[in-house]
Amino acid sequence: MAHYKSKKITQLREQLLAWYDRSARDLPWRLPPAQGLKGQRPDPYAVWLSEIMLQQTGVATVKTYYVAFINRFPTVQDLAKAPLDDVLALWAGLGYYRRAHHLHAAAKDILARGGVPTQPQTLQKIQGIGPYTAAAIAAIAFDQPVVPVDGNVERVLSRLWLIEAILPAAKPIFWHEAQAWMSTHRPGDFAQALMDLGATICTPRTPACNLCPWQSSCGASKQSRQGEFPKKQVNKKKPTRYGTSWVHIDPDGVLVTKRAHSGLLGGMLEVPSTSWGDDPSSDPCLGPVDLPKGVTWLDGGYIDHVFTHFALRVRVFSAYSPKSLPVVGYQRLGLDALAGAALPSLMHKIIVAGRSILAAQSIGLDQV
DNA sequence: GAGACGTGGGC
DNA sequence: TGCCCAAGTCT
């Protein structure tokens, strides 16, 4: 590290921390910087939980889930002793459900370890905690001198220093660049300040450079090339897959079953469905053979849903039975229990579509 | 290294 | 509509 850059970094650190002291976002899991300056630290459990929820997920979305989660499971003990299904139900709609499985297993692990580890190296041994999250928890919860590198930090640093390296291959370069900022002076606040800057000022599109404490030092801003950074590999187009689902409602509720614990929507509930294939005209009769017999299936059209790596078009059929109709291998989910169930957004959409078709036909009016 | 893994919002 | 984006991790 050249001496001039080291000196520059010290100055920039102070500018950013000063900005953070007056501009820090007020977040449910966060300790305000003023309290941190008085020697307080946030609850490591809260920091860990928030960081897991924030992986690839926006702050606005996480807030609601975080509050519900921390109220239901105020401590790591509460989480560790809870049934997995309760955890999945609270996670429903947040996505990346493997995170919830990891979180539950990690709670037991953390208990066994006597608490949340303080060192990045140890933190990374825990399920669901990678290089970023380990550094974030160590810095924010324990004021360890590390600089977590997430998408915000990559964007901010690439613009500041005009780093042309292409992500994600260049992740090691960014990690190295970021550690040059490491300091024992307020490392937790510095980490959060960097992320706040990326989230509120140095945004992907139309950054608010005029409000940025680093504007006069920013290479991209000087050259009006903010939009070029960070350099990223272009995304591949995602394929479309097709399937069929059946929404069956009787007095006990809608017919559902639990998906396998591994893979897509792992451990979550689903309505009877075909597998999802590449053929748009695949025969829906290839679906579950144990659907209720002797009911009239109404065609509910289709609904579209987009996953990370493929788009999905599901044809929906729905039917109502005025008397209980149990099906082997399935359970009934009461219609008043939908909101609190482990239903992924996709399945929620499908059920809503199925119900609206029945309602439109005035079928089972008071029940559907 | 590349692909799997959700969802909602912005433009 | 479609594409990008959001505090990544695991295989």
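Each chain gets a letter, A, B and so on, in the order its sequence line appears, and its residues count up from 1. Quick caveat: nothing in here was measured; it's all calculated off a predicted structure.
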Candidate pair A/Lys8 and A/Ser217, rule side-chain hydrogen bond (donor to acceptor under 3.5 Å, both in side chains), full reasoning: CA-CA 9 Å; A/Lys8 179 73 181 177; A/Ser217 305; 3.0 Å; yes

Test log, rule side-chain hydrogen bond (donor to acceptor under 3.5 Å, both in side chains), inputs A/Arg99 and A/Thr57: CA-CA 12 Å; A/Arg99 290 183 295 174; A/Thr57 310; 3.2 Å; yes

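Along DNA chain C, the nucleotide nearest A/Leu54 and the nucleotide nearest A/Gln124 are compared for position; the residue whose nucleotide lies closer to the 5' end is A/Leu54. Each of A/Leu343 and A/Lys236 was assigned the nucleotide of DNA chain B with the nearest heavy atom; the assignment lying further toward the 5' end belongs to A/Lys236. Residue whose closest nucleotide on DNA chain C sits further toward the 5' end, between A/Gly128 and A/Arg25: A/Arg25.
Aromatic ring centres of A/His305 and A/Phe307: separated by under 6.0 Å.
Closest to the A/Pro344 side chain, of the nucleotides C/dC3, B/dG6, B/dT7, is B/dT7. Here the side chain of A/Leu346 is nearest to one of C/dT9, B/dG10, B/dT7, namely B/dT7. The A/Pro131 side chain lies nearest to C/dT9 when the options are C/dC4, B/dT7, C/dT9. Of the candidate nucleotides C/dC10, C/dG8, C/dC3, C/dG8 has the atom lying nearest to any side-chain atom of A/Asp150. Distance from the side chain of A/Arg98 is smallest to B/dA4 among C/dC4, B/dA4, B/dG6. When distances run from any side-chain atom of A/Lys232 to the nucleotides C/dC3, B/dC5, C/dA6, the shortest one goes to C/dA6.
Note on A/Lys238: every side-chain N or O is 4.0 Å or more away from OP1 and OP2 of C/dC3. For the pair A/Gln55 and C/dG8, the criterion of a side-chain N or O lying under 4.0 Å from OP1 or OP2 is not met. The shortest distance between the side-chain N/O atoms of A/His305 and the OP1/OP2 oxygens of B/dT7 is below 4.0 Å. Regarding contacts with the backbone of B/dC5, a side-chain N or O of A/His309 is found under 4.0 angstrom from either OP1 or OP2. The side chain of A/Arg155 contributes an N or O atom lying less than 4.0 Å from OP1 or OP2 of C/dA6. Dashed line: the shortest gap from a side-chain N or O of A/Tyr97 to OP1 or OP2 of B/dT7 is under 4.0 Å.
A donor-acceptor contact under 3.5 angstrom links the side-chain atoms of A/Thr57 to the base of B/dG6. A/Thr308 contributes a side-chain N or O that forms a donor-acceptor pair with the base of B/dG6 under 3.5 Å.
Rounded to an integer number of Å, the gap from CD of A/Gln233 to C1' of C/dC4 is 15 Å. The distance from atom CZ of A/Arg259 to atom C1' of B/dA4 is 13 Å, rounded to the nearest whole Å. Here the C1' atom of nucleotide C/dT9 and the NE2 atom of A/His101 are 15 Å apart, to the nearest Å. One can place CD of A/Glu51 at 9 Å from P of C/dG8, the figure rounded to the nearest angstrom. The CG-C1' distance, from A/Leu167 to C/dC5, rounds to 14 Å in whole Å. Counting to the nearest Å, the P atom of C/dT9 and the CG atom of A/Leu103 are 14 Å from each other. Separating the CD atom of A/Gln56 from the P atom of B/dG6 is a distance of 12 Å, rounded to the nearest angstrom. Distance, A/Tyr96 OH to B/dG3 P: 14 Å, rounded to whole Å.
Rounded to the nearest Å, the gap between the C1' atom of C/dA6 and that of B/dC5 is 15 Å. Across C/dC5 and B/dG6, the matching C1' atoms stand 13 Å from one another, rounded to whole Å. The separation of C/dC4 from B/dG3, taken at their P atoms, amounts to 15 Å, rounded to a whole angstrom.
At the heavy-atom level, A/Pro168 lies nowhere under 4.0 Å from the strands shown. Within the 4.0 angstrom heavy-atom criterion, base atoms lie near A/Val59. Residue A/Val153 is out of contact with every strand shown, counting any heavy-atom pair closer than 4.0 Å. Using a 4.0 Å heavy-atom distance criterion, A/Leu194 is classed as making no nucleic acid contact. Looking at heavy-atom distances under 4.0 Å, A/Gln127 makes contact with sugar-phosphate atoms alone, never a base. Within 4.0 Å of A/Gly93, counting heavy atoms only, lie sugar-phosphate atoms of the nucleic acid but no base atom. Within the nucleic acid shown, A/Gly266 has no heavy atom closer than 4.0 Å to any nucleic acid atom. Across all strands shown, A/Trp91 has no heavy atoms under 4.0 Å from either base or sugar-phosphate atoms. Heavy atoms of A/Ser50 sit nowhere under 4.0 angstrom from any nucleic acid atom. Note on A/Leu265: only backbone sugar-phosphate atoms sit closer than 4.0 angstrom, heavy atoms only; bases stay farther off.
Remark: A/Met53 CE to A/Lys63 NZ distance equals 14.0 Å, nearest 0.5 Å.
Judged by the 6.0 Å and 45° rule, A/Arg41 forms no cation-pi pair with A/Phe142.
In this structure, a donor-acceptor pair under 3.5 Å is absent between the side chains of A/Arg98 and A/His261.
Here the rule is side-chain hydrogen bond (donor to acceptor under 3.5 Å, both in side chains) with A/Tyr132, and of A/Gln124, A/Glu51, A/Lys171, A/Gln55 only A/Glu51 fits it.
For the pair A/Leu312 and A/Gly243, the tightest heavy-atom approach, listed with the atom from each and the gap, is CD1-N, 4.5 Å.
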